[in-house]
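Input: a single structure, listed below in structure tokens.
Just so you know, these numbers use all the heavy atoms, side chains as well, and skip hydrogens, waters and symmetry mates. To find a chain, count down the sequence lines: A is the first, B the second, and so on, and within it residues start at 1.
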Amino acid sequence: MDHFPTSWGRPRNDAIDAYGTYPIAQRPYNGPKDAFSEGVQHTQQPIVTGTSVLAIKFKDGVMMAADNLASYGSLARFKDVQRLYPVGTHTVIGAGGDMSDFQYIQSMLDELMIDEFCAQDGHTLGPAEIHEYLAQVMYARRSKMNPLWNALLVGGVKDGKSFLAFVDLLGTTYTASTLATGYGAHIAQPLLRSAVETHEHELTEAQARQIIDDSMKVLFYRDARSINKYQVATITAAGSSISDSITLETTWDFAEGIRGYGAQTE
Amino acid sequence: MPGAPSQRQFNPYSENGGTILAIAGQDFSVIAGDTRQSEGYSIQTRYAPKVFRLTDRAVLAVNGFAADGNMFVKNVKQRLEWYRHAHAKDMPLRAIARLIQTMLYARRFFPYYVNNILGGIEEDGTGAVYSFDPVGSYEREACRAAGAASSLVQPFLDNQIYYKNQLAATGTAHPAHLPLPSVLAIVIDSFTSATERHIEVGDGLEIFVVLARGRSLQGLEGVKGMSELTTTDDGERVFVVRRELKKD
Amino acid sequence: MFRNTYDSDNTVFSPQGRLHQVEYALEAVKQGSAAVGLRSKTHSILLALKRSTGELASYQQKMFRIDDHIGIAIAGLTSDARVLSNFMRQQAMSSKMVFNRPVPVNRLVSTVADKAQVNTQEYGRRPYGVGFLVIGQDQSGPHLYEFSPSGNSYEYYAMSIGARSQSAKTYLEKHYESFADCNLEDLIRHGLHALRETLQQDKELNINNTSIGIVGPASEHENGVPPTGPFRILEGEKIDAFLGTMIAKETEAPAAAPAATGDEDVQMAE
């Protein structure tokens, strides 16, 4: 539907314009702009997806974690995918949602950081600038009804200030001392808040790591789209580092004792 | 239509809760908002400002879809910067109000999903509040509440500011304007009450006060959590009062 | 007037390897009234001499605010300056919109210089007829740059452009080593002394013909400046206190004008 009343034409004046040709030529056209537009499709749902990303602030910076799984629906399709990505020396982004969109975001940021590097003038993009850039990109894409289907966390340290913020496919942004995307926002975020809120400035790196490890374990037990293999990024004034994959030791003996489902009614 | 092909459509909007409110006084204006940002039952953050100082005499509160709100405020600020470049002064309040209506209506068919309340001081020195709907309809009012708990707060304001359903004592009339301390008390009560009864309201409260040129602080000096945002005292002055709200 | 053989188009070099149109544009800068810029460790400042066409007319605008942290003083065609300052304002706001970061001063100057360079190379264009002094502050402290219509830009400790700017330059060259540790008041006094050198014999700096632009913390003669020390332009009564700090000039012999350089393309005609 073309909503612009000026495009609806107007009653014909036979005295002047017997064939009603006016104002066809001048009329603004609001329909598709090219012959193939019918065939152009926009993302309507994510396909290969990553689940939660967690991040917290601690005394010296920011810690972030995400597991290595990319699912295809309920199929655990790719089990060695890195969902944390360093941008420059003092920023790490983590992504949930569509993994191909995330890879596109990575290449976009690579290009941006190369341009920035080539200026060679001592000015660099820190986590706050990268987050603002991503928010603009995500909001612009949602406004074209062609979103990048992700929820992203951006964490980093610049000029002695630690920074942690969220942005998603709608362009919604916020900052907090603890953040979690996807299922983690429901399951891990309450744990993170009770462990971190009000003592962001006292937590040591080791304590932060313990909180992250505990939360990732809970998520693995509760989130059916997760895997017991994850990486942890630590960003401090000294720079960022992303750990090798860590495999969680888990036990399922307790499942034997569970009664009440399916065939095990006794 | 049964059998017709359908496609799940991407929904470009969300609702992020929270409430804003503004009250105009004789020579001041108070604009306030809570700082919680939520989606559904999840609190996204306990501190996301919804009230923004635009100039030394204009403050804008934005509530609804947070991404639209932030982008809208950013755009308004850039338009005001161009005005400053062209005219070497800040845009008057009533002009900002009309600018906001034009900007909102320009997106009539893909609206900014936000309710705006603009408060500040007019060129004649009076306190003013303008309220807007998402597509730009606006009017100047004495007070307005908007957002998640507007249906709780607005009736309270109707009673306390407009004296609806109140009779003045015989031989007296209701005052046309309330003094600043009374207005601040009403604002704080509005938000503590909304926090009690609405799950999307809480965490923190930011109250902006704009004072007309050359006025005394009118009791604002004793208010706890107050700080001044303006650096000169020869023009309008902007203050902010920050308070905690319940976090449950 | 004089005429050159190779000056009808700026895409054509003269046999001496020069672009005459570009050099004429540099002449346009020298026609404009002078502007002076200085830098200390804490401040960058601009001073400019405003002309008026007569008793009945207002004084021209010599300074433009680009953003909170950047301002410019111009010499040359004011209308070209308006176009370029608008472009710089757009750049500054785009940086705020996309990265929420004030544009780094050197990047802004390079961008506008690149824009000017295009006009020295493409057919059917003319170079801008205006030069700037740009002051600004960013993470790396206060800065002073010169932009010229040839597409060049350089950073300076102190610089002057416009009519009789050579006299100001002579003053600045004599004193620049002390600028780094100057407080704002002394820096402005040096600036006023330099600007004074560009005046005609019988003229003086006064509150009507002088503009001062500052980035950096407030002076003792200013009030109401935010602690970040954003760019501000002082004019009229506000500069009275600064003019009062000037030390009267001893009457001395005016410096000899530099000898004109040889120019084989130019056929001078009286």
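The aromatic rings of B/Tyr130 and B/Tyr138 lie tilted to each other, with the angle between the two planes from 30° to 60°.
Using a cutoff of 4.0 Å between basic side-chain nitrogens and carboxylate oxygens, A/Arg209 and A/Asp213 are scored as salt-bridged.
For a residue to count as touching a neighbouring chain, one of its non-hydrogen atoms must lie under 4.5 Å from one of that chain's; by this rule A/Thr178 does not touch chain B. Heavy-atom distances place the backbone of B/Tyr47, and not its side chain, under 4.5 Å from chain A. Of the atoms belonging to B/Tyr13, heavy atoms from both backbone and side chain fall under 4.5 Å from chain A. Interface remark: B/Gln44 contributes backbone and side-chain atoms alike to the contact with chain A (heavy atom separation under 4.5 Å).
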field: Trace of the salt bridge (Lys or Arg N to Asp or Glu O under 4.0 Å) decision for B/Glu196 with B/Lys246
entry: CA-CA 8 Å; B/Glu196 282 298 323; B/Lys246 283 170 74 173; 2.8 Å; yes

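Residue-environment remark: CZ (A/Arg77) stays at or below the threshold of 12 foreign heavy atoms within 6.0 Å. Within a 6.0 Å sphere centred on CD of B/Glu221, heavy atoms belonging to other residues, nucleotides or ligands number more than 12.
Heavy-atom pairs under 4.5 Å with chain B were tallied for A/Thr172, A/Leu170, A/Thr173; the largest tally goes to A/Leu170. Contacts with chain B were tallied for A/Leu179, A/Val167, A/Thr175; A/Thr175 has the most, counting heavy-atom pairs under 4.5 Å. In terms of non-hydrogen atom pairs under 4.5 Å with chain A, the most contact-rich of B/Asn11, B/Asn70, B/Ile43 is B/Ile43. Looking only at heavy-atom pairs under 4.5 Å with chain A, the residue among B/Arg108, B/Glu39, B/Lys74 that has the most is B/Lys74.
A/Tyr85 and A/Gln103 share no side-chain donor-acceptor pair at under 3.5 Å.
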